[in-house]
Visitor: 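Please read through the structure below; I'll follow up with questions.
So you know, we letter chains A, B, ... as the sequences are listed, proteins then strands, and number each from 1. Here the structure is a predicted model, which is why all the values come from computation and not from measurement.
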Amino acid sequence: AQSVTQLDSQVPVFEEAPVELRCNYSSSVSVYLFWYVQYPNQGLQLLLKYLSGSTLVKGINGFEAEFNKSQTSFHLRKPSVHISDTAEYFCAVSDYGGATNKLIFGTGTLLAVQP
Amino acid sequence: DSGVTQTPKHLITATGQRVTLRCSPRSGDLSVYWYQQSLDQGLQFLIHYYNGEERAKGNILERFSAQQFPDLHSELNLSSLELGDSALYFCASSVEGGGSPLHFGNGTRLTVT
């Protein structure tokens with residue numbers, strides 16, 4: 001079964017500093033990868049997705065992620081964070097070519113941006 | 001706004017009771033997914049319906065059931081509620097096709113007392 005590991009439960013960072021949120025998935029076969037963001041008392045919003053092609057994927061709000069097949073990783077990065085980026089970030093995986101697009105989520109990383 | 005509508009936003013009920021959560025997918029989306037989010041379990045996939053038929057089942061308890069109606073809205077029924085069922089329940093929808101992202105509603109917060 002697919003699984004996703006987000007090693008950091010919380011990442012504190014100062015405003016305008018760069019940040020990397022780590023995500024590793026367990027699969028020896030092709031997968032689709034996603035990052036979602038959840039602001040307090042809201043649903044999950046899609047940040048970006050990797051389906052195929054270029055390993056560097058750009059998303060909304062200045063975020064990007066790099067797919068690394070050999071390391072089974074899909075880390076999320078932003079060169080300069082803002083206070084408004086404070087939220088919970090979830091990495092997710094779905095099966096390639098499966099009958100369902102269900103997502104398996106990691107446990108989430110709370111990005112806490114400090115002034 | 002994702003276009004996915006969930007009602008009600010909040011629900012408070014007692015142990016042993018039964019509740020129904022409702023979800024309307026985005027226009028044009030045939031798939032509906034249900035997830036449970038709690039502090040101890042994180043985001044857990046419950047069930048996926050496509051155009052009225054069950055496509056995949058996850059960690060859904062036997063006390064829980066779901067269905068998708070001809071107008072594509074879906075309902076999640078939770079019965080014999082226990083304190084541990086208190087959680088945020090999300091509905092998501094997507095189009096068909098590998099890699100199609102899920103679009104989430106704002107959830108229903110269920111509190112069982």
Side-chain angles (χ1 to χ4, degrees), chain A residues 1-10 23 25 27 29-54 57 59-60 63 65 67 74 87-110, chain B residues 1-7 9-10 21 23-26 29-51 53-60 66 68 87-109:
Chain A
Q2 298 277 12
S3 68
V4 176
T5 301
Q6 293 182 247
L7 291 169
D8 306 304
S9 59
Q10 187 168 347
C23 171
Y25 64 95
S27 178
V29 298
S30 297
V31 295
Y32 300 118
L33 293 158
F34 304 81
W35 276 98
Y36 281 81
V37 60
Q38 185 178 27
Y39 298 102
N41 300 315
Q42 291 189 28
L44 285 85
Q45 180 183 0
L46 179 69
L47 272 179
L48 49 79
K49 63 183 185 233
Y50 172 78
L51 304 184
S52 65
S54 173
V57 180
I60 62 171
F63 283 94
F67 169 64
F74 190 54
E88 188 94 28
Y89 291 79
F90 292 92
C91 182
V93 64
S94 71
D95 287 337
Y96 181 90
T100 174
N101 286 330
K102 72 175 186 187
L103 295 175
I104 303 303
F105 284 91
T107 50
T109 297
L110 176 61
Chain B
D1 182 10
S2 68
V4 178
T5 304
Q6 289 189 247
T7 56
K9 290 184 180 175
H10 303 278
L21 282 53
C23 169
S24 294
R26 291 188 324 161
D29 287 358
L30 298 181
S31 277
V32 170
Y33 305 76
W34 286 97
Y35 282 82
Q36 179 194 61
Q37 185 179 34
S38 61
L39 284 174
D40 53 342
Q41 302 266 10
L43 270 162
Q44 294 289 315
F45 167 70
L46 296 179
I47 200 161
H48 168 203
Y49 274 87
Y50 172 76
N51 202 21
E53 294 191 1
E54 184 184 302
R55 268 280 174 96
K57 193 178 259 192
N59 301 322
I60 187 166
Q68 186 180 25
L88 200 47
Y89 290 84
F90 285 109
C91 168
S93 71
S94 79
V95 296
E96 187 69 346
S100 296
L102 273 58
H103 300 274
F104 285 80
N106 285 334
T108 293
R109 182 169 294 281

Visitor: Do the side chains of B/F90 and B/V4 get nearer than 4.5 Å, heavy atoms only?
Guide: no

Visitor: Need one label for B/Y35: side chain, backbone, both or neither, based on atoms under 4.5 Å from any heavy atom in chain A.
Guide: side chain

Visitor: For A/L51, is it the side chain, the backbone, both, or neither that has a heavy atom closer than 4.5 Å to a heavy atom of chain B?
Guide: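 Contact with chain B: side chain only.
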
Visitor: Just to verify, which of A/F74, A/F63, A/F105, A/W35 counts as forming a ring pair (Phe, Tyr, Trp, His ring centres under 6.0 Å) with A/Y89?
Guide: A/F63

Visitor: Side chain, backbone, both or neither: which part of A/T100 has a non-hydrogen atom closer than 4.5 Å to chain B?
Guide: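 When you check distances to chain B, atoms from both the backbone and side chain of A/T100 fall under 4.5 Å.
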
Visitor: Under 4.5 Å heavy-atom distance to chain A, tell me which part of B/S100 shows up: side chain, backbone, both or neither.
Guide: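 Its backbone and side chain both get close to chain A.
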
Visitor: Take atom CD1 of A/I60 as the centre, draw a 6.0 Å sphere, and report whether it contains more than 12 heavy atoms from other residues, nucleotides or ligands.
Guide: yes

Visitor: As an exercise: rank B/G107, B/G98, B/G42 by heavy-atom pairs under 4.5 Å with chain A and give me the winner.
Guide: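 Sorted descending by pairs with chain A, the first entry is B/G98.
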
Visitor: Quick one: side-chain hydrogen bond (donor to acceptor under 3.5 Å, both in side chains) pairs with a partner in residues 43-54 of chain A, sequence neighbours left out?
Guide: none

Visitor: Rounded to the nearest 0.5 Å, what's the gap from OG on B/S24 to CG on B/D29? Could you check?
Guide: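 Here the rounded value is 12.0 Å.
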
Visitor: Given that the side chain runs from C-beta out, which part of A/Y96 has a heavy atom under 4.5 Å from chain B: side chain, backbone, both or neither?
Guide: neither

Visitor: Quick one: list whatever passes side-chain contact (heavy atoms from CB on, under 4.5 Å) with A/L46, sequence neighbours left out.
Guide: A/F34, A/Y36, B/P101

Visitor: For B/Q37, is it the side chain, the backbone, both, or neither that has a heavy atom closer than 4.5 Å to a heavy atom of chain A?
Guide: side chain

